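Right, one structure below, let's go through it.
Here is the naming used below: chain letters follow the sequence lines, and residue numbers restart at 1 for every chain. Computed from a prediction, not measured in an experiment: that's the story for all the values here.
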There are 2 protein chains.
Amino acid sequence: MRASEKAYAALRDDIVEWRLAPGTVLAEVEQSERLGVSRTPLREALGRLTAEGLTTPGGRGVVVTDISLEDIDELFELRETLEGKAAALAASRGDAATFEQLQRELAHAPDLINGNDPTRHDYYELVGRLDAAIDAAISNSYLAQAMRSLRVHLVRIRRLAADDAARLTAAAAEHAAIAEAIAAKNPRLAEAATTLHLHRSLSHVKATHASHHKEHHG
Amino acid sequence: MRASEKAYAALRDDIVEWRLAPGTVLAEVEQSERLGVSRTPLREALGRLTAEGLTTPGGRGVVVTDISLEDIDELFELRETLEGKAAALAASRGDAATFEQLQRELAHAPDLINGNDPTRHDYYELVGRLDAAIDAAISNSYLAQAMRSLRVHLVRIRRLAADDAARLTAAAAEHAAIAEAIAAKNPRLAEAATTLHLHRSLSHVKATHASHHKEHHG
DNA sequence: ATCTCATTTTCTGTATACATAACCCTTGTG
DNA sequence: CACAAGGGTTATGTATACAGAAAATGAGAT
């Protein structure tokens with residue numbers, strides 16, 4: 001693996017998993033020593049992170065960007081626009097059998113959620129397959145790219161929310177509804193199902209974020 | 001000006017203005033000598049261009065990305081999604097006076113188009129001010145960023161289309177309709193006016209692109 | 001004649017040394 | 001005591017040297 005790739009993956013992971021808090025200054029020498037690479041590949045990694053919006057050029061060096069409540073609202077506003085359109089396009093252009101299969105698998109998602117694996121690997125993998133299927137079905141690389149760049153931030157937010165079994169079960173049902181609408185080749189229904197799902201996700205994130213806040217300050 | 005910034009600006013301009021054709025391999029030593037900077041800042045510039053999608057990592061070095069007819073369709077599909085939403089949000093959240101003023105100025109755009117300046121600087125500046133006003137009105141930095149990253153590609157496409165006075169005059173009227181709808185605080189109308197404008201722009205681009213193609217091959 | 005494999009060359013990837021600019025602290029003054 | 005100016009310090013920005021990998025080249029065999 002290239003050193004710049006290694007540094008990028010490590011830093012990205014540290015930021016997304018909140019091991020590097022917002023506002024942290026990423027000094028080049030400090031980070032290059034910590035990650036065991038020289039400054040050149042490290043700078044490349046920082047450039048990629050900044051392009052993605054995970055870091056921003058601050059006075060000296062780059063700093064880990066903050067995610068405020070307003071950011072979450074803005075992020076979901078854009079997400080609703082993009083994923084709503086994507087679901088509609090997938091319904092128009094996608095292959096019905098693919099999404100029928102995903103719908104069937106999502107019906108059994110509760111088994112994955114309540115299984116032995118505390119990381120819920122299989123569940124998240126299944127949701128990821130739905131995302132990938134939509135990406136492939138829309139046949140619009142620019143839209144797919146825009147959604148990919150959003151997902152980085154969404155993963156970061158997800159780590160704030162308590163992914164409890166109740167919410168995940170409900171989310172799986174919402175995903176199944178999206179898959180069903182796409183399989184039925186109904187663009188407007190697919191978009192509506194997506195809108196519904198995102199609104200509920202947002203509510204959940206904001207609720208847990210608020211209680212986190214209370215925990216820390218009250 | 002920093003060397004990496006200089007290299008980035010020069011390469012970006014060369015690509016957008018079609019002085020560097022799609023498929024051109026950008027070798028590091030060659031380009032660094034041409035632009036008078038060392039390889040380090042040049043690589044940073046190439047990284048930024050690749051993140052924007054103007055270049056792609058090809059076998060050896062990076063190559064200037066192609067823009068096919070399908071790409072144009074995909075680009076406008078995403079553009080319609082983003083700018084339609086942006087216009088609607090601007091209508092909801094924007095300041096009416098700002099857009100009334102822009103509407104009045106756009107009414108006089110034919111004067112700018114038929115003026116002495118062959119580059120139509122004042123006209124494009126006015127259209128740019130409308131874009132900026134919408135960007136500011138939506139108060140969603142993620143959506144604004146997504147639109148900015150699209151505009152690079154759109155400028156590149158625009159240089160393919162013949163920006164004749166007739167099309168620009170019609171476009172100005174379409175822009176005026178968008179400004180009017182936003183000023184009237186009518187989101188659905190603003191979105192519709194945007195959809196209409198983009199469809200006509202796309203038709204124009206594809207028509208001139210097709211005739212170009214005929215010119216070269218027939 | 002063409003395909004394959006080894007050699008050579010050339011390019012990218014990385015490390016490091018140097019230049020430059022921003023920041024901080026000290027010092028002097030109002 | 002507050003504030004500004006200056007130098008010192010430390011970080012980033014740039015250049016270059018080196019290492020390694022990939023592609024072009026050429027010789028040899030089939």
**Start and end of chain B contact along DNA chain C [non-hydrogen atoms, under 4.0 Å]** = C/dT10 to C/dT14
**Prompt:** Within the structure, does a side-chain N or O atom of B/Ser4 lie under 4.0 Å from either OP1 or OP2 of D/dT14?
**Reply:** yes
**Asked** Starting at the 5' end of DNA chain C, which residue's closest nucleotide do you reach first, B/Glu28 or A/Val37?
**Response** B/Glu28
**Asked** Does a salt bridge link A/Asp71 with A/Arg156, judged by any charged N lying under 4.0 Å from a carboxylate O?
**Response** no
**Message:** Measure CG/B/Leu42 against P/D/dG13 and give the value in whole Å, please.
**Reply:** 16 Å
**Message:** Students often get this wrong, so: under 4.0 angstrom with heavy atoms, is A/Arg60 touching a base, only sugar-phosphate, or nothing?
**Reply:** base
**Asked** So, B/His153 versus A/Tyr142, ring centres under 6.0 angstrom or not?
**Response** yes
**Message:** So if I apply the side-chain contact (heavy atoms from CB on, under 4.5 Å) rule between B/Ile178 and each of B/Gln103, B/His197, B/Glu83, B/Glu191, which one comes out positive?
**Reply:** B/His197
**Prompt:** Between B/Arg39 and B/Glu44, which has a closest nucleotide on DNA chain D that is more 5'?
**Reply:** B/Glu44
**Request:** Take the protein atom CD of A/Gln31 and the nucleotide atom P of D/dA11, then report the distance between them rounded to whole Å.
**Result:** 13 Å
**Item:** A/Phe76 six-ring centre to A/Arg79 NZ/CZ under 6.0 Å and within 45° of normal
**Value:** yes
**Message:** Between the side chains of B/Arg148 and B/Glu52, is the shortest nitrogen-to-carboxylate-oxygen separation below 4.0 Å, so that they form an ion pair?
**Reply:** no
**Item:** Geometric cation-pi criterion, A/Arg12 with A/Tyr8: 6.0 Å, 45°
**Value:** no
